[in-house]
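Some notes on the structure that comes next.
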Amino acid sequence: MSVLALVDCNNFFVSCERVFRPGLERRPVVVLSSNDGCVISRSEEAKALGIGMGVPFFEVRALCVENRVEAISANHELYADLSRRVAAVLRRHAPDVEGYSIDESFLTFPPDGDPLARARALRAEVARWTGVPVSVGLGPSKALAKLASDKAKKAGGVLSLLEAGARERVLAATPVEQVWGIARRSAERLAAHGARTAADFAALDDALLRKTLGVGGLRLAQELRGLSVLAHSSVAPPRQSVTVSRSFGRAVGALGSLESAAAAFAARAAERARRHGLRAGALSVFVGWREDGRVLSDALSERLPPTDRTPDLVRAAKALIGRLFVEGRSYRKAGVVLGALEAAETPQAELFDDGAERRARRLEKTVDGLNAALGPGTLSFGGDRLARAWAPRSERRSPCWTTRWEDLPRVR
DNA sequence: TCTGGGGTCCTAGGACCC
DNA sequence: TCTGGGGTCCTAGGACCC
């Protein structure tokens, strides 16, 4: 039986902010999404005040003022950098780190030695080198390691579900909707069959599981029984899509502003595709607006000759958003999605081109390089700086302490 | 009145994750 | 008045084919 570990950074975004502002320790802190719209990370103190994950900020604003909760706009550049630093420490402990999300990684522990001792050592080392507190869950399968890491947060930071006895106790005491991959819909369906705990779920008949929740549900139940059926790999599978979307800072009614947004999103998406060495064979654009209190959206897609060129993608995005546009609507958000991605090989034609193509490529490479070094949006292609009525607002952002020279912390 | 059976591919939408 | 952004996988149903 191999030992799978899930390493989960506690309250990750809040913890990142605390690394550079130790004054935030032991205080209620929340991190807010774009436009300071939603709460997306909470310190334990903020959770204790009853502030839920994902709640609109305006609903808890009064509570935050009253309790002197520090509310900070999300700084994803900082979080991405600390995430890389945490991963670098993890790779010293296991050769096959699989990044599952910005704040979680799966590892396989070698069969020799005491897994609990190893987990504790790893936890201490991440804290020492990055300042980020983590929880470690151990189990014979990913779903059990994940469950263990959730429980570890209130059990000293490390918990093992490697032993059958511990597993039975924990599964029987866990409501099924706390299982990874089971949310409201699935929990309702399971309740109809009398399954309310993780143990009930794992004990259901395979054919019934297959019929009620599909293959995903069946696999999950097997994982809870201690059978490892979900693949573990340190090689990231090829990306399927690239999305850039934003809610607007205020409602937008003019086609010009909408086109400017589409152009900016397409340019950013193109940059990301190039960074991953991918070309897009399809592009879609969506817009969102409100009507009679209902949230509505519309979308259009188009196949493209595979490309990673900014001008091609910008042109396609602008054309599609023009077709979506309806006079009189107050748009609230829009987005561009690149799909049908494939590896970008150097096109043969480049060997014979007249130099214009090569120059365009070089320009793109320079812009990508500057944006990578100095922060996204430092340089952009013609036009998308104009008519930025849509630009989101975030007024409580912390500095990019680790990725921008001008934001480096100063030591007196 | 009777009206096959089996494929593939694509897309939209559902459900879930962090 | 104010409700994020970026992903994944699966399924059902339609179009089409032989």
Side-chain angles (χ1 to χ4, degrees), chain A residues 6-14 30-42 51-62 64 71 73-77 79-80 83 99-106 142-143 146 149-150 176-190 210-220 230-231 236-251 265 268-269 272-273 276 281-282 284 286 288-290 293-295 297-303 330 332-341 376 392-395:
Chain A
L6 180 66
V7 180
D8 185 348
C9 300
N10 301 342
N11 317 328
F12 182 55
F13 297 170
V14 166
V30 296
V31 170
L32 305 176
S33 67
S34 173
N35 279 317
D36 296 341
C38 288
V39 172
I40 53 173
S41 182
R42 307 157 297 152
I51 299 173
M53 180 62 178
V55 296
F57 183 52
F58 73 87
E59 284 179 8
V60 293
R61 189 185 307 248
C64 287
S73 306
N75 181 348
H76 294 286
E77 204 177 321
Y79 312 151
S83 176
Y100 171 66
S101 72
I102 192 164
D103 67 340
E104 288 167 281
S105 295
F106 285 103
K142 283 185 160 182
K146 177 92 169 111
S149 84
D150 292 342
V176 73
E177 63 273 15
Q178 282 177 24
V179 171
W180 181 40
I182 302 294
R184 192 169 54 91
R185 292 285 167 186
S186 301
E188 280 168 12
R189 285 178 204 167
L190 290 171
R210 177 72 179 78
K211 194 157 67 80
T212 318
L213 299 183
V215 293
L218 176 56
R219 283 202 282 254
L220 207 48
L230 297 179
R239 177 180 285 269
Q240 304 295 308
S241 64
V242 170
T243 304
V244 176
S245 73
R246 290 289 177 278
S247 291
F248 300 148
R250 52 193 160 97
F265 301 163
R268 184 72 64 82
R272 290 228 291 260
H276 289 101
S284 46
F286 63 87
W289 70 96
R290 235 169 302 184
R294 284 176 311 161
V295 177
S297 66
D298 200 1
L300 275 175
S301 329
E302 187 178 61
R303 301 295 296 197
S330 292
R332 303 290 181 144
K333 74 179 296 183
V336 168
V337 184
L338 305 184
L341 299 178
R393 289 189 277 251
S394 58
E395 283 149 12

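The chains referred to below are lettered A, B, ... by the order of the sequence lines, with proteins before strands, and numbering in each begins at 1.
At the heavy-atom level, A:Val242 lies under 4.0 Å from the strands shown only through sugar-phosphate atoms. Residue A:Ile40 is classed as a base contact, given a heavy-atom separation below 4.0 Å to a base. Counting non-hydrogen atoms under 4.0 angstrom, A:Gly216 reaches nothing in the nucleic acid. At the heavy-atom level, A:Arg393 lies nowhere under 4.0 Å from the strands shown. Within the nucleic acid shown, A:Glu59 has no heavy atom closer than 4.0 Å to any nucleic acid atom. Across all strands, A:Val244 comes closer than 4.0 Å only to sugar-phosphate atoms, never to a base (heavy-atom distances). Within the nucleic acid shown, A:Arg294 has no heavy atom closer than 4.0 Å to any nucleic acid atom. Across all strands shown, A:Phe12 has no heavy atoms under 4.0 Å from either base or sugar-phosphate atoms. Residue A:Asp103 is in sugar-phosphate contact alone, with no base atom involved, counting any heavy-atom pair closer than 4.0 Å across all strands shown.
Dashed line: the shortest gap from a side-chain N or O of A:Arg61 to OP1 or OP2 of C:dC2 is not under 4.0 Å. Distances shown here put every side-chain N or O of A:Thr243 at or beyond 4.0 Å from the OP1 or OP2 atom of C:dG5. In this model, the phosphate group of C:dT3 is not approached by any side-chain N or O of A:Ser247 to a distance below 4.0 Å at OP1 or OP2. OP1 or OP2 of C:dC10 lies within a sub-4.0 Å distance of a side-chain N or O belonging to A:Arg219. Contact annotation: A:Ser245 side-chain N/O to C:dG6 OP1/OP2 distance is under 4.0 Å. Close to C:dG5, at under 4.0 Å from its OP1 or OP2, lies no side-chain N or O of A:Arg272. One finds no side-chain N or O of A:Arg250 lying less than 4.0 angstrom from the OP1 or OP2 phosphate oxygen of C:dC2. In terms of phosphate contacts, A:Lys333 brings no side-chain nitrogen or oxygen within less than 4.0 Å of OP1 or OP2 of C:dT3.
The CG atom of A:Leu6 lies 5.0 Å from the CD atom of A:Glu104; values are rounded to the nearest 0.5 Å. Atoms CG and CZ, from A:Asn35 and A:Phe57 in turn, are 13.0 Å apart once rounded to the nearest 0.5 Å. A:Asp8 CG to A:Asp103 CG: the interatomic distance, rounded to the nearest 0.5 Å, is 5.5 Å.
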Contact string for nucleotides 11-16 of chain B, one letter per nucleotide 5' to 3', B = base within protein heavy-atom range under 4.0 Å, S = sugar-phosphate only, - = neither, reads ----SS
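At whole-Å resolution of the value, CG in A:Asn35 and C1' in C:dT3 are 10 Å apart. Residue A:Leu32 contributes atom CG, which lies 12 Å from atom P of C:dG4 at whole-angstrom precision. One can place CZ of A:Arg210 at 9 Å from C1' of C:dC10, the figure rounded to the nearest angstrom. As rounded to whole Å, 12 Å separates atom P of B:dC18 from atom CZ of A:Arg42. Regarding A:Leu338, its CG atom lies at a distance of 12 Å from the P atom of C:dT8, rounded to whole Å. As a whole-Å value, the separation of A:Asp36 CG from C:dG4 C1' is 11 Å. In this entry the distance linking CD1 of A:Ile102 with P of C:dG4 reads 19 Å, nearest Å. Atoms CG (A:Leu230) and C1' (B:dC17) sit 13 Å apart, rounded to a whole Å.
With sequence neighbours excluded, no residue forms a ring-ring contact (aromatic ring centres under 6.0 Å, His included) with A:Phe58. In terms of the salt bridge (Lys or Arg N to Asp or Glu O under 4.0 Å) criterion, A:Glu177 has no residue partners (sequence neighbours excluded). Residues passing the side-chain hydrogen bond (donor to acceptor under 3.5 Å, both in side chains) test with A:Asp150, sequence neighbours excluded: none. A:Phe12 meets the ring-ring contact (aromatic ring centres under 6.0 Å, His included) test with no other residue; sequence neighbours excluded.
The nearest pair of heavy atoms linking A:Met53 to A:Ile40 is CE-O, 3.0 Å. Closest non-hydrogen pair, A:Ser34 versus A:Pro392, comes out as OG-CB, 3.7 Å.
With contacts defined as side-chain heavy-atom distances shorter than 4.5 Å, the pair A:Lys142/A:Lys146 does not qualify. Counting only heavy atoms from C-beta outward, the side chains of A:Trp289 and A:Asp298 approach each other to under 4.5 Å.
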Under the side chain to side chain contact (heavy atoms under 4.5 Å, CB included) rule, what do A:Cys64 and A:Ile51 come out as? Steps first, then yes or no, please. CA-CA 9 Å; A:Cys64 287; A:Ile51 299 173; 3.9 Å; yes
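Across the C1' atoms, C:dG4 and B:dC17 are found 14 Å apart, a figure rounded to whole Å.
Taking a pair as Watson-Crick or G-U wobble with both distances under 3.5 Å, the runs of three or more consecutive pairs in DNA chain C are B:5-18 with C:5-18.
Between A:Gly214 and A:Phe57, the residue whose closest nucleotide on DNA chain C is further toward the 5' end is A:Phe57. Sequence order on DNA chain C of the closest nucleotides to A:Pro237 and A:Val55 puts A:Val55 first from the 5' end.
Nearest to the side chain of A:Ser34, among C:dG4, B:dC18, C:dT8, sits C:dG4.
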